[in-house]
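First comes the structure, then the notes that go with it.
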Amino acid sequence: MKHLWFLLCLIFAVNMPAQPAQTISVVTVIRAGTLIDGKSDKVKHDQVIFIRGNRIQRVSDASSTQIPSDAKLIDLSQQTVLPGLIDSHTHIFLQGEDPAQGGYDANILNAPLALRAARATVAARRALEQGFTTLRDVETEGAGYGDVGIKQAINLGYIPGPRLFVSTRAISTTGGYQLEGYAPELDMPKGAQIADGPVEARKAAREQLDHGADWIKVYMTHRSWVGKNGELVSQPTFTVEELRAIVDETHGWGRKVACHAYSGIGLHRALDGGCDSIEHGLDLDDAAIAQMLRQGTWYVPTLTVYYTDWAPENTPDGKRDRLRASAHEVSFKKALKAGVKIVFGTDMGGISWTQPIAQEFIRMVDFGMTPMDAIQSATSRASVMLDKEGEIGMITPGAYADIIAVSGDPLRDIRMLENVQFVMKDGQVFREK
Ligand SMILES: [Zn+2]
């Protein structure tokens with residue numbers, strides 16, 4: 001009998017839930033004056049959002065919903081509530097390096113990795129402060145697998161930061177990435193992993209996937225200049241055969257490939273090789289746009305970064321910098337009109353993290369995108385690209401409770417998104433003004 005009791009107690013103990021029941025039952029309720037849910041084109045007013053744990057449980061009209069007396073109430077009835085924003089092109093390991101202080105090269109040659117990790121920690125916090133609860137960070141620029149470590153530090157709760165989709169080292173070819181311009185006798189470190197030939201290219205992808213890459217980033221073009229006929233010319237890097245080895249390997253792991261591609265041969269190889277997203281796409285010709293539509297390729301234009309740091313006007317670099325921006329505007333407008341799937345991305349890191357991330361929205365709207373479309377490019381549309389539809393970028397039952405608020409109406413003035421006043425990530429309030 002004594003033994004039976006012991007056995008019964010043991011069975012009971014094993015079946016006890018790890019969490020006490022009362023912590024699970026605590027509900028947080030957000031009162032939203034105006035709700036943009038990230039998916040619907042329609043705005044709703046006077047809504048309540050029920051959050052249990054780190055997930056949204058239900059969304060309903062405030063007038064017809066009873067709020068439990070023990071619920072934690074957050075009053076955003078004077079504000080516009082949106083899903084946490086997603087920036088799909090960032091570099092937390094870059095800080096908008098000042099050329100006067102050695103620029104990109106000094107970051108790799110002089111900065112200890114711990115210093116770079118400390119700066120990346122600040123970049124991650126700045127993104128979250130501004131309401132960006134998810135980043136697709138597209139390579140560490142010489143900081144190896146540092147992004148995997150920062151992602152772990154965030155997920156384990158050591159540092160605050162957005163959800164990270166990381167791509168580790170990125171891959172380019174010999175002659176396809178900096179550091180460059182040094183004596184040829186020197187074996188200089190590179191900002192990306194260099195691979196030549198389909199075997200090396202596939203191996204680089206395997207290594208990066210093995211070490212935690214959520215996405216593989218490939219450079220399909222490198223240098224660019226103004227051509228004989230005033231057109232933007234880009235130096236291509238990988239062949240289609242090399243790229244196909246990377247894409248085939250990555251897709252086999254159930255992951256995707258983001259391709260940096262400006263124009264011309266490299267852009268077309270990127271599409272022929274099956275890249276999932278085109279980054280920058282400065283000069284999209286009609287054939288490229290048609291192929292992107294046919295293949296369902298995502299377009300992450302990153303407009304703003306091409307308006308920073310232009311070289312002096314009448315120099316070759318200055319002419320190229322201005323042509324990049326003007327061609328980009330035309331490409332963006334053509335892609336928008338054609339219905340290419342445009343996703344919000346900034347290239348932060350190429351821009352200092354002290355700058356507002358949301359400035360990209362302003363340029364997208366200036367170039368003809370509706371504010372609602374621009375918001376969806378940084379919410380539900382990005383979530384589909386990231387294979388996280390229904391989980392992030394939407395205020396809907398079952399999604400993670402990543403929720404932000406701004407005062408005023410961002411559909412009337414998109415600049416409102418530069419002043420995010422409330423940030424919740426994973427059900428935890430990070431910022432409340
Ligand atoms: Zn970039």
Side-chain angles (χ1 to χ4, degrees), residues 16-26 28 51-57 72 83-95 111-170 207-217 253-256 348-349 353 357 382-383 386-388 390-393 398-404 420 422-432:
M16 279 287 281
Q19 291 281 321
Q22 63 268 29
T23 56
I24 297 168
S25 70
V26 170
T28 300
I51 296 146
R52 193 181 287 271
N54 64 346
R55 300 265 186 177
I56 295 166
Q57 193 178 35
K72 180 177 178 273
L85 301 169
I86 301 168
D87 187 340
S88 291
H89 189 123
T90 64
H91 302 277
I92 56 172
F93 279 88
L94 288 182
Q95 314 301 326
L113 198 52
L115 173 60
R116 296 197 63 189
R119 289 174 180 160
T121 302
V122 175
R125 195 190 67 221
R126 289 221 169 107
L128 190 56
E129 280 170 355
Q130 294 174 62
F132 284 81
T133 53
T134 300
L135 305 180
R136 186 185 61 160
D137 200 69
V138 280
E139 86 128 317
T140 61
E141 310 284 358
Y145 294 91
D147 52 356
V148 176
I150 297 289
K151 177 182 164 179
Q152 284 174 358
I154 292 168
N155 291 351
L156 292 169
Y158 288 107
I159 58 169
R163 298 175 193 283
L164 291 187
F165 291 82
V166 299
S167 51
T168 74
R169 301 178 62 191
E207 278 177 17
Q208 295 183 9
L209 291 160
D210 187 29
H211 293 314
D214 300 305
W215 276 70
I216 293 295
K217 166 78 176 291
W253 288 60
R255 310 221 178 123
K256 288 179 174 170
M348 291 307 290
W353 286 94
I357 304 173
S383 80
L386 295 168
D387 289 325
K388 293 286 172 194
E391 295 209 276
I392 55 174
Y400 289 115
D402 293 355
I403 297 170
I404 66 165
V420 169
F422 172 87
V423 179
M424 172 185 274
K425 183 200 152 204
D426 221 23
Q428 306 277 334
V429 176
F430 175 70
R431 177 174 198 166
E432 212 165 1

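Just the heavy atoms: all of them, side chains too, but no hydrogens, waters or symmetry mates, feed the values below.
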Would Met348 and Phe132 count as a side-chain contact (heavy atoms from CB on, under 4.5 Å) if you check the C-alpha gap in whole Å, the side-chain angles of each, and the deciding distance to 0.1 Å? CA-CA 12 Å; Met348 291 307 290; Phe132 284 81; over 6 Å; no

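- Atom CD of Gln428 has 12 or fewer heavy atoms from other residues, nucleotides or ligands within 6.0 Å.
- Under the 3.5 Å distance criterion, the side-chain polar atoms of Gln208 are matched with a main-chain donor or acceptor of Ala170.
- Between Thr133 and the options Leu128, Leu85, Asp87, a side-chain contact (heavy atoms from CB on, under 4.5 Å) holds for only Leu128.
- Considering every non-hydrogen atom in both Arg116 and Gly142, the closest pair reads NH1-C, 3.6 Å.
- Judged by distance alone, with hydrogens and angles left aside, the side-chain atoms of Arg55 form a donor-acceptor pair with the main-chain N or O of Gly398 at under 3.5 Å.
- Using a distance-only test at 3.5 Å, with no hydrogens or angles considered, a donor-acceptor pair links the side chain of Glu139 to the main chain of Glu141.
- Ile154 places a side-chain heavy atom less than 4.5 Å from the side chain of Leu164.
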Show your working on side-chain contact (heavy atoms from CB on, under 4.5 Å) between Ile92 and Leu135 and close with a plain yes or no. CA-CA 9 Å; Ile92 56 172; Leu135 305 180; 3.9 Å; yes

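- Among all heavy-atom pairs drawn from Pro162 and Ala127, the shortest one is CG-CB, 3.9 Å.
- Under a 3.5 Å cut-off, the side chain of Gln57 and the backbone N or O of Ile51 do not form any donor-acceptor pair.
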Given Arg169 and Asp147, is the side-chain contact (heavy atoms from CB on, under 4.5 Å) satisfied, shown in steps? CA-CA 9 Å; Arg169 301 178 62 191; Asp147 52 356; over 6 Å; no

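- A salt bridge does not link Lys256 with Asp214: none of the charged nitrogens is closer than 4.0 Å to a carboxylate oxygen.
- Contact record, Tyr400 with Ile392: CD1-CG2, 3.9 Å, taken as the closest heavy-atom pair.
- Side-chain contact between Arg136 and Leu386 is present, with at least one heavy-atom pair separated by less than 4.5 Å.
- Remark: the backbone N or O of Ala213 is not paired with any side-chain donor or acceptor of Thr168 at under 3.5 angstrom.
- Each of Val166, Thr140, Ile159, Asn155 was scored for a side-chain contact (heavy atoms from CB on, under 4.5 Å) with Ile150, with one residue passing: Ile159.
- Side-chain atoms of Met424 and Phe430, non-hydrogen and from C-beta on, never get closer than 4.5 Å to each other.
- A cation-pi geometry, defined here as NZ or CZ lying under 6.0 Å from the six-membered ring centre and within 45° of its normal, does not hold between Arg255 and Trp215.
- With sequence neighbours excluded, the residues satisfying salt bridge (Lys or Arg N to Asp or Glu O under 4.0 Å) with Arg163 are Asp402, Asp426.
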Would Val138 and Thr90 count as a side-chain contact (heavy atoms from CB on, under 4.5 Å) if you check the C-alpha gap in whole Å, the side-chain angles of each, and the deciding distance to 0.1 Å? CA-CA 6 Å; Val138 280; Thr90 64; over 6 Å; no

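- Residues Arg126 and Trp353 approach most closely at CD-O, 3.3 Å, considering heavy atoms.
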